[in-house]
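I have placed the structure first, in the form of structure tokens, so that the comments after it can refer back to it.
No hydrogens, no waters, no symmetry mates; every other heavy atom, side chains included, goes into these values.
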Amino acid sequence: MPDGSKTDRPRTRIQQRNRDLIAEAALEVFSTHGFRGATLDNIASEAGLSKPNLLYYFPSKEAIHTQLLSTLMDTWLDPLRALDAQGDPITELLAYVERKLEISRLYPRESRLFANEIVQGAPRMLTSLEGELKDLVDEKVAIIRHWADQGKIAKVHPYHLIFSIWSLTQHYADFDVQVRAVLGGEEPFDEAPAYLREVFLKLLTP
């Protein structure tokens, strides 16, 4: 994916360090302010670089955002890719819930970046949503439907099951401030895994 690099030669250590600084800074700025609220000046300042230096690596705010989303898509899809058609159905689905919740715990800023993009109509990743994401979800939906038809799990609407898993796990990242305000000093991820396991176990058990 184009990112403003001036050459195909291997990057120097300094170049890679600066790209990493820009990516980290952009993630912080975009996840806090959204795409519209973020500026190249904000990102450069957060990275500790000059704006011209930043523009050496990325020609625009859009290029940085697109690069982040491209990297994020793999993180987003990996937990669903791991759903194994040959495994025990309830075990596999509960493991998927746990993996998604762990993503929210470990990568809250990435989750908010993704959520902000979706809320804006996904202008920079709609093609990926309609292609790579939909293809993967369709594949796993067929597996879930087969399990239900065999009586190995309860009859559930497979697409809405996946949507509910996304909603109940990503909430902890996307609405982190709200969750922590309501819980007071309690750490959200202390009790969330057991609670969500119980919810989905009851839902899925035939």
Side-chain angles (χ1 to χ4, degrees), residues 31 34 68-184 186-206:
S31 66
L68 282 174
L69 289 172
S70 176
T71 302
L72 175 58
M73 183 58 80
D74 276 336
T75 302
W76 169 261
L77 294 181
D78 281 346
L80 187 55
R81 288 188 181 115
L83 189 73
D84 184 2
Q86 304 306 314
D88 174 73
I90 291 181
T91 300
E92 287 295 321
L93 287 165
L94 292 179
Y96 176 50
V97 173
E98 291 172 1
R99 289 192 296 271
K100 283 294 293 176
L101 187 61
E102 186 69 354
I103 290 291
S104 287
R105 185 181 73 83
L106 294 175
Y107 305 108
R109 294 177 304 169
E110 288 86 344
S111 184
R112 289 192 290 273
L113 176 72
F114 186 89
N116 283 331
E117 173 71 6
I118 300 302
V119 166
Q120 293 172 24
R124 287 158 290 276
M125 64 182 309
L126 187 59
T127 299
S128 295
L129 297 181
E130 293 176 338
E132 187 178 7
L133 176 62
K134 177 166 174 50
D135 290 346
L136 179 61
V137 171
D138 287 347
E139 174 192 331
K140 300 306 182 179
V141 157
I143 294 169
I144 295 169
R145 185 173 286 130
H146 179 65
W147 285 339
D149 289 344
Q150 289 184 318
K152 294 181 177 180
I153 61 172
K155 285 285 187 180
V156 293
H157 192 298
Y159 286 105
H160 290 287
L161 172 64
I162 291 175
F163 296 158
S164 67
I165 293 172
W166 292 350
S167 299
L168 289 176
T169 55
Q170 290 166 226
H171 180 89
Y172 290 93
D174 299 343
F175 293 90
D176 175 74
V177 173
Q178 174 180 274
V179 169
R180 292 180 184 276
V182 171
L183 288 176
E186 182 182 338
E187 170 55 44
F189 294 98
D190 286 347
E191 300 296 334
Y195 176 78
L196 292 182
R197 179 180 179 83
E198 182 179 359
V199 168
F200 283 102
L201 183 59
K202 290 180 177 178
L203 174 66
L204 294 167
T205 300

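- One finds a salt bridge joining Glu102 and Arg105 here, because a Lys/Arg side-chain nitrogen approaches an Asp/Glu carboxylate oxygen to under 4.0 Å.
- Here Ile118 contributes atom CD1 and Gln120 contributes atom CD; the two are 10.0 Å apart, rounded to the nearest 0.5 Å.
- One distance of note links OG of Ser31 with CG of Asn116; it measures 8.0 Å at 0.5 Å rounding.
- At least one donor-acceptor pair under 3.5 Å links the side chain of Glu117 to the backbone N or O of Arg124.
- Looking at Leu93 and Phe200, their side chains never come closer than 4.5 Å, going by heavy atoms from C-beta outward.
- Other residues, nucleotides and ligands contribute only 12 or fewer heavy atoms inside 6.0 Å of the OH atom of Tyr195.
- Expressed to the nearest 0.5 Å, how far CG of Leu183 lies from CD of Glu191 amounts to 9.5 Å.
- Side-chain atoms of Lys100 never come within 3.5 Å of backbone atoms of Ile165 as a donor-acceptor pair (strictly under, hydrogens ignored).
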Review point. Hey, mind stepping through Leu72 and Met125 against side-chain contact (heavy atoms from CB on, under 4.5 Å) and telling me if it holds?
Key: CA-CA 11 Å; Leu72 175 58; Met125 64 182 309; over 6 Å; no
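- At a threshold of 4.5 Å between non-hydrogen side-chain atoms, the residues Leu204 and Trp147 do not count as touching.
- Relative ring orientation between His157 and Tyr159 is described as tilted, the plane-to-plane angle lying within the 30° to 60° band.
- Side-chain atoms of Ser111 never come within 3.5 Å of backbone atoms of Ser104 as a donor-acceptor pair (strictly under, hydrogens ignored).
- In summary, Asp149 and Arg145 do not engage in a salt bridge, as defined by a charged side-chain N under 4.0 Å from a carboxylate O.
- Taking CG of Asp135 as the reference point, atom CG of Leu129 lies at 11.5 Å (rounded to 0.5 Å).
- Classified by interplanar angle (parallel below 30°, tilted 30° to 60°, perpendicular above 60°), the ring pair Phe114/Trp76 is parallel.
- Between Pro89 and Ile153, some side-chain heavy-atom pair lies under the 4.5 Å cut-off.
- Classification of Glu186 and Arg180 as a salt-bridged pair fails, no side-chain N sitting under 4.0 Å from a carboxylate O.
- Asp78 meets the salt bridge (charged side-chain N to carboxylate O under 4.0 Å, His left out) test with Arg81; sequence neighbours excluded.
- Between the CG atom of Asp174 and the CG atom of Leu113 there is a distance of 10.5 Å, given to the nearest 0.5 Å.
- Panel note: side chain Thr205, backbone Leu201; a donor-acceptor pair is recorded below 3.5 Å.
- In plain terms, the two heavy atoms of Pro108 and Ala173 that are nearest each other are CA-CB, 3.8 Å.
- The distance from the OH atom of Tyr96 to the CD atom of Glu98 is 13.0 Å, given to the nearest 0.5 Å.
- No side-chain heavy atom of Val199 sits less than 4.5 Å from a side-chain heavy atom of Val97.
- A donor-acceptor distance shorter than 3.5 angstrom exists from the side chain of Glu92 to the backbone of Asp84, with no hydrogens or angles considered.
- Residues Ile103 and Arg99 form no side-chain contact, since every pair of their non-hydrogen atoms from C-beta on lies 4.5 Å or further apart.
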